[in-house]
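I have placed the structure first, in the form of structure tokens, so that the comments after it can refer back to it.
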Amino acid sequence: MQKGEVRNPVRELVLGMVTCGFYALYWMFTAVNEVNAALGEERFNFMKEIGLSIVTCGLWGYYCLWRFSESVVEVQNKAGVQPAMDAPILFVTALFGLGPFFIQTGLNNAWENGQ
């Protein structure tokens with residue numbers, strides 16, 4: 001399994017807020033690419049996901065976030081580490097704006113402690 005970059009979850013959350021979401025988009029782009037690489041398939045295409053989210057007034061974004069939450073848990077399972085949160089809980093925290101923190105924490109867990 002290909003590992004991604006270990007990042008500070010607090011920094012990802014704060015920078016996303018301070019930059020009015022622009023850094024959060026960059027972070028999501030990198031996280032999506034890392035998850036795709038870890039799973040060995042292109043499950044997410046960032047530009048397609050953003051485009052469909054715009055066309056559907058954000059509805060596709062919620063669906064994509066649900067799929068991404070499931071994928072983060074799958075990456076942790078594939079790495080052989082116990083996920084800190086189930087996908088539904090991860091999804092709900094992301095809905096409340098805490099997604100970058102908890103998603104990056106889960107990915108860091110897989111990158112640092114995985115096999």
Side-chain angles (χ1 to χ4, degrees):
M1 179 176 86
Q2 184 174 345
K3 295 184 178 184
E5 181 181 341
V6 175
R7 296 180 183 86
N8 183 337
V10 174
R11 183 189 72 190
E12 305 307 315
L13 181 64
V14 171
L15 281 175
M17 289 180 197
V18 169
T19 62
C20 300
F22 288 109
Y23 183 81
L25 286 173
Y26 167 75
W27 168 79
M28 184 60 89
F29 174 77
T30 60
V32 160
N33 289 333
E34 290 173 354
V35 167
N36 283 341
L39 295 175
E41 63 181 280
E42 187 174 350
R43 194 171 287 186
F44 301 96
N45 178 317
F46 183 76
M47 295 308 292
K48 179 187 88 171
E49 309 298 347
I50 293 294
L52 286 172
S53 294
I54 291 169
V55 169
T56 62
C57 299
L59 292 177
W60 184 264
Y62 292 120
Y63 174 67
C64 179
L65 186 58
W66 173 260
R67 289 180 20 240
F68 192 65
S69 298
E70 289 179 328
S71 296
V72 169
V73 170
E74 186 177 338
V75 165
Q76 292 177 76
N77 286 329
K78 187 174 181 182
V81 298
Q82 178 67 31
M85 294 182 175
D86 292 330
I89 297 170
L90 195 57
F91 174 73
V92 170
T93 61
L95 289 179
F96 286 103
L98 299 173
F101 178 82
F102 290 109
I103 289 171
Q104 190 61 55
T105 300
L107 291 175
N108 287 347
N109 186 25
W111 308 150
E112 293 175 324
N113 304 317
Q115 301 170 349

message: According to ring-ring contact (aromatic ring centres under 6.0 Å, His included), who are the partners of Phe22, at least two apart in sequence or on a separate chain?
response: none

In a table with atom names and distances, give each donor-acceptor pair under 3.5 Å that connects a side chain of residues 79-88 to protein atoms at least two apart or in another chain.
none

statement: Sorted by chain and number, sequence neighbours left out, side-chain contact (heavy atoms from CB on, under 4.5 Å) with Thr105 holds for Pro9, Phe101

- line: For Asn113, the side-chain hydrogen bond (donor to acceptor under 3.5 Å, both in side chains) test, sequence neighbours excluded, returns Asn109

- prompt: What residue pairs, at least two apart or across chains, pass salt bridge (charged side-chain N to carboxylate O under 4.0 Å, His left out) with a residue in residues 87-107?
  reply: none

- line: Hits for side-chain contact (heavy atoms from CB on, under 4.5 Å) against Val6, two or more places apart or cross-chain, chain-then-number order -> Asn108, Trp111, Glu112

- prompt: Using a side-chain heavy atom cutoff under 4.5 Å and only I, L, V, M, F, W and Y, what cluster partners does Tyr63 have?
  reply: Leu52, Trp60

Residue pairs involving residues 13-27 (criterion side-chain hydrogen bond (donor to acceptor under 3.5 Å, both in side chains); sequence neighbours excluded): Glu12-Tyr23, Trp27-Gln104

- prompt: What pairs of residues pass the ring-ring contact (aromatic ring centres under 6.0 Å, His included) test when at least one of them lies in residues 28-55, not counting sequence neighbours?
  reply: Phe29-Phe46, Phe44-Phe68

- request: Write out all pairs satisfying side-chain hydrogen bond (donor to acceptor under 3.5 Å, both in side chains) with one or both partners inside residues 64-73, taking only residues at least two apart or from two chains.
  value: Arg43-Ser71, Glu49-Arg67, Trp66-Glu70

query: Between atom CG of Leu90 and atom CD1 of Ile103, what is the distance when rounded to the nearest 0.5 Å?
result: 5.0 Å

field: Same apolar cluster (I L V M F W Y, side chains within < 4.5 Å links), Met47/Val55
entry: no

Pair listing, salt bridge (charged side-chain N to carboxylate O under 4.0 Å, His left out) test, anchored in residues 19-39, at least two apart: Arg7-Glu34

- prompt: Can you tell me how far NZ of Lys78 sits from CG of Leu39, rounded to the nearest 0.5 angstrom?
  reply: 5.5 Å

message: My understanding is that only residues two or more places apart in sequence, or in another chain, count here; which of them pass side-chain contact (heavy atoms from CB on, under 4.5 Å) with Leu95?
response: Tyr62, Leu65, Phe91

